[in-house]
Amino acid sequence: MSRLEELFRDRSKKALLMPYITGGYPDLHDCRHVLEAFIAGGADMIELGVPFSDPLADGPTVQASAQQALDAGVTPDDVLALAGEFSGRLPVVLLVYYNNAFSYGSEPGPEQFVAAAAAAGVAGLIVPDLPVDEASEFVDICRGRGTDAILLAAPTSTKERLRLIAGAASGFIYCVSVTGVTGARTALSGQLPEFLDRVRAATDKPLAVGFGVSTPEQAAEVAQLADGVIIGSRLIKMVGDAGDIDVACRAVTKFLQEVNEVLA
Amino acid sequence: MTIPVRFGPYGGRYVPETVIPALDELAAAYERLRDDTDFKAELASLLKDFVGRPTPLYRAGRLSEKLGGTTIYLKREDLAHTGAHKINNTVGQLMLAAKMGKARIIAETGAGQHGVATATAAALFGIPCAIYMGEKDIVRQELNVVRMKLLGAEVIPVSSGSRTLKDAMNEAIRDWVTNVENTYYVIGSVAGPAPYPAIVRDLQSVIGREARRQILEAEGRLPTELIACVGGGSNAMGLFAAFLDDGVRMTGVEAAGEGLDTGRHGASIERGERGVLHGSLSYVLQDAYGQILEAHSISAGLDYPGVGPEHSFLHDEGRVRYDSVTDAEALAAFTMLSQTEGIIPALESSHAIAYMVKHSDRFTADDLVIINLSGRGDKDVHQAARALGIMS
């Protein structure tokens with residue numbers, strides 16, 4: 001059982017909390033403060049994004065954060081170093097688009113990126129544009145390096161595909177709450193319970209829900225159905241809107257504490 | 001025969017899980033319909049009466065003479081309805097969309113030719129249509145924006161990234177991920193996730209099948225060389241596909257922009273690395289970390305940092321040779337063809353002409369060349385006039 005799977009198994013709360021921030025947003029220095037605010041707010045693990053030039057699974061909020069980080073010169077190596085700074089304190093999961101992983105290092109292929117992530121103590125990798133059919137090499141490499149390959153399941157995934165995903169994934173299964181891209185939404189999809197039932201039927205692995213979860217009320221709903229809650233765009237927006245990093249971090253911590261209360 | 005997912009190592013389906021079932025559905029529908037007698041008959045009828053096929057294979061006598069006597073034929077895709085080869089693909093894909101019961105059409109466009117061709121086919125089938133187009137391209141291809149709107153399409157400006165074709169394609173994919181259950185995504189080139197590269201190639205291969213028959217009728221022999229411009233590469237694949245087993249030389253011409261060494265070009269095969277963009281593994285213009293670079297070309301249709309996966313495969317196999325010409329060379333060819341043959345070519349197609357001009361000394365009088373004149377240049381006259389100093 002992997003470190004993440006143990007974390008889910010041994011939890012004392014209804015669902016674990018995994019906040020997301022784009023690595024190097026709002027800049028490399030202040031991103032550390034945001035991560036500290038995540039920890040102060042009660043994060044059980046952290047999802048850190050490698051900014052990519054063409055993030056086609058992301059809505060406007062995450063896109064803009066990635067662009068800002070890239071404009072400031074943030075590289076995958078910077079994000080790996082950032083992950084390494086925090087991975088001793090709580091599990092860090094990296095979200096990386098496949099081309100950043102594939103192009104990393106001297107030879108094409110994901111091997112060197114996975115090795116660098118494992119060396120930085122990264123507990124798991126999420127690749128939003130690597131569906132299970134394309135992931136076998138990647139999954140094998142992750143297994144060899146002792147880091148989890150966290151695959152995504154979508155409401156459109158068929159029963160057969162959910163079985164494939166369940167067979168290949170480790171750590172947890174990232175359940176995309178809506179057919180769509182990342183971004184805060186006013187309400188969760190009415191189909192979420194039915195979708196999560198279908199994923200449960202395919203696997204015993206923990207399920208975490210992301211894409212569109214943006215309020216404590218929504219988190220409470222998700223906690224009734226899943227083992228983990230992922231919040232991203234809402235937090236990026238809080239950081240961006242605050243203007244001042246200290247104000248932003250206080251708001252982020254307070255918000256995550258509110259979420260944590262409903263997850264208890 | 002099943003539809004290929006990969007061409008050697010290239011291709012694949014590197015897209016979010018959400019749309020994978022839709023790609024499976026599309027592949028299954030296409031596999032069922034492509035050999036269906038009624039489907040083939042309906043497509044043939046539309047290509048003939050709506051698109052205006054077959055397009056002529058025209059012997060460009062004065063150009064041949066000017067370039068040293070090599071016999072040069074132009075495959076006149078500029079004479080297809082809407083003024084470019086793009087319509088061959090969109091009519092076929094709209095037929096698929098209609099048979100699959102899709103209620104909404106989306107597409108990306110660079111030069112606007114694919115957007116116009118999609119809007120045209122969507123109007124023909126009576127299905128609502130939204131076209132994503134980069135803000136930069138909207139400015140330089142204003143005429144096509146007006147045409148799309150007249151055809152009833154919604155044109156959605158894309159302001160992210162380089163504000164060109166690559167970003168329009170990102171945005172179209174995001175739309176598709178969101179609306180996948182009722183929406184059909186019409187990809188305009190031999191790019192994107194499988195099965196699109198194979199579907200678009202098959203639908204464009206009518207160009208090569210006609211040209212092969214026409215050249216045999218006119219000259220009694222196969223050509224010695226085919227030349228076509230390559231952005232994503234659909235007109236080139238369409239021409240090449242029918243000749244791959246013939247031993248005919250083939251040249252794909254990429255955009256060298258302001259020069260390969262300036263970093264401002266669109267030569268993905270010549271100067272790119274293997275990478276994943278828009279759902280497939282292919283040659284891509286990117287930095288050392290895999291961030292996609294902005295391409296540059298005077299022609300919006302070649303201003304793309306990727307290329308269809310089958311081209312990457314044909315390059316590695318050595319079956320097709322890829323070269324490039326600059327903006328300036330393409331502009332000179334634009335003028336030359338206009339004044340030598342009375343045909344104003346698209347700036348994209350001007351790259352193929354320019355290659356012939358540049359390398360005419362390597363051809364002999366025995367050579368027989370077909371150049372794919374993939375589109376007409378009406379859309380480009382303002383931009384070309386500015387660049388040539390005809391107009392301020």
Side-chain angles (χ1 to χ4, degrees), chain A residues 50-60 63-64 66-67 70 74-79 96-110 113 127-135 151-158 160-162 164-165 174-176 178-183 211, chain B residues 5-6 9 11-25 108 158-162 166-183 192-194 272-294 305-306:
Chain A
V50 176
F52 178 48
S53 55
D54 295 77
L56 50 75
D58 285 304
Q63 276 178 55
Q67 194 58 51
L70 289 173
V74 174
T75 68
D77 279 324
D78 293 329
V79 180
V96 59
Y97 280 87
Y98 192 57
N99 201 45
N100 286 143
F102 182 85
S103 302
Y104 187 85
S106 52
E107 290 296 319
F113 185 84
V127 188
D129 56 349
L130 192 70
V132 64
D133 333 57
E134 302 287 356
L151 300 184
L152 292 90
T156 50
S157 303
T158 57
E160 185 193 346
R161 293 192 59 80
L162 289 174
L164 286 174
I165 291 165
Y174 190 131
C175 300
V176 176
V178 290
T179 54
V181 293
T182 60
F211 282 42
Chain B
V5 171
R6 287 185 182 272
R13 303 196 297 178
Y14 299 91
V15 286
E17 169 66 19
T18 308
V19 298
I20 293 286
L23 293 171
D24 284 339
E25 181 194 357
E108 80 293 333
V158 176
S159 57
S160 57
S162 60
K166 140 182 121 65
D167 309 283
M169 199 152 171
N170 287 336
E171 213 48 44
I173 293 173
R174 290 181 187 117
D175 181 316
W176 199 39
V177 170
T178 307
N179 301 298
V180 63
E181 278 163 40
N182 72 347
T183 298
E273 306 280 339
R274 284 186 190 185
V276 170
L277 176 64
H278 297 145
S280 57
L281 177 68
S282 196
Y283 283 102
V284 175
L285 298 177
Q286 58 183 359
D287 72 9
Y289 284 112
Q291 311 295 3
I292 307 302
L293 298 173
E294 285 186 23

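Each chain gets a letter, A, B and so on, in the order the sequences are listed, and its residues count up from 1.
Between the side chains of A:Asp77 and B:Tyr289, at least one donor N or O lies within less than 3.5 Å of an accepting N or O.
Taking the side chain as every heavy atom from C-beta outward, A:Pro55 and B:Arg174 approach each other to under 4.5 Å. Looking only at side-chain heavy atoms (C-beta outward), A:Val96 and A:Val127 come within less than 4.5 Å of each other.
Only the side chain of B:Leu281 comes within less than 4.5 Å of a heavy atom in chain A; its backbone stays farther off. With a 4.5 angstrom heavy-atom cutoff, B:Asp24 touches chain A only via side-chain atoms. If you measure heavy-atom distances from A:Leu151 to chain B, you find no contacts under 4.5 Å at all. Only the side chain of B:Asp167 comes within contact range of chain A, judged by heavy atoms closer than 4.5 Å. Contacts of A:Tyr98 with chain B are made by side-chain atoms alone, with heavy-atom separations under 4.5 Å and no backbone atom involved. With a threshold of 4.5 angstrom between heavy atoms, B:Val15 approaches chain A through N, CA, C or O but not through any side-chain atom. Of the atoms belonging to A:Pro60, not a single heavy atom falls under 4.5 Å from chain B. Heavy atoms closer than 4.5 Å to chain A are found in the side chain of B:Ser160, but not in its backbone. Of the atoms belonging to B:Ile20, it is side-chain heavy atoms, and not backbone ones, that fall under 4.5 Å from chain A. Using a 4.5 Å cut-off between heavy atoms, B:Ala288 touches chain A through its backbone atoms (N, CA, C, O) alone. Using a 4.5 Å cut-off between heavy atoms, A:Asp54 contacts chain B through both its backbone and its side chain. Contacts between B:Glu171 and chain A at a heavy-atom distance below 4.5 Å involve the side chain alone, from C-beta outward.
Just one of A:Leu152, A:Val178, A:Thr179 meets the side-chain contact (heavy atoms from CB on, under 4.5 Å) condition when paired with B:Thr18; it is A:Thr179. The ring-ring contact (aromatic ring centres under 6.0 Å, His included) test with A:Phe113 is passed by exactly one of A:Phe102, A:Tyr97, A:Tyr104: A:Tyr104. The side chain to side chain donor-acceptor pair (under 3.5 Å) with B:Asn179 is formed by just one residue from the set B:Asp175, B:Thr183, B:Asn182; it is B:Asp175.
Between the side chain of B:Gln286 and the main chain of A:Asn100, no donor-acceptor pair closer than 3.5 Å is present. At distances below 3.5 Å, at least one donor-acceptor pair connects side-chain atoms of A:Asn99 with backbone N or O atoms of B:Gly290. Between the side chain of A:Glu134 and the backbone N or O of B:Arg13 there is at least one donor-acceptor pair closer than 3.5 Å. Under the 3.5 Å distance criterion, the side-chain polar atoms of A:Arg161 are left unmatched by any main-chain donor or acceptor of A:Asp133.
Most heavy-atom pairs under 4.5 Å with chain B: of the set A:Ala153, A:Ser157, A:Ala64, A:Pro76, this distinction falls to A:Pro76. Ranked by heavy-atom pairs under 4.5 Å with chain B, the first of A:Thr75, A:Leu130, A:Val50, A:Ile165 is A:Thr75. The candidate from A:Pro108, A:Pro128, A:Ala57 with the greatest count of non-hydrogen atom pairs under 4.5 Å with chain B is A:Pro128. With chain B as partner, the option from A:Asp129, A:Leu70, A:Thr158 having the largest number of non-hydrogen pairs under 4.5 angstrom is A:Asp129.
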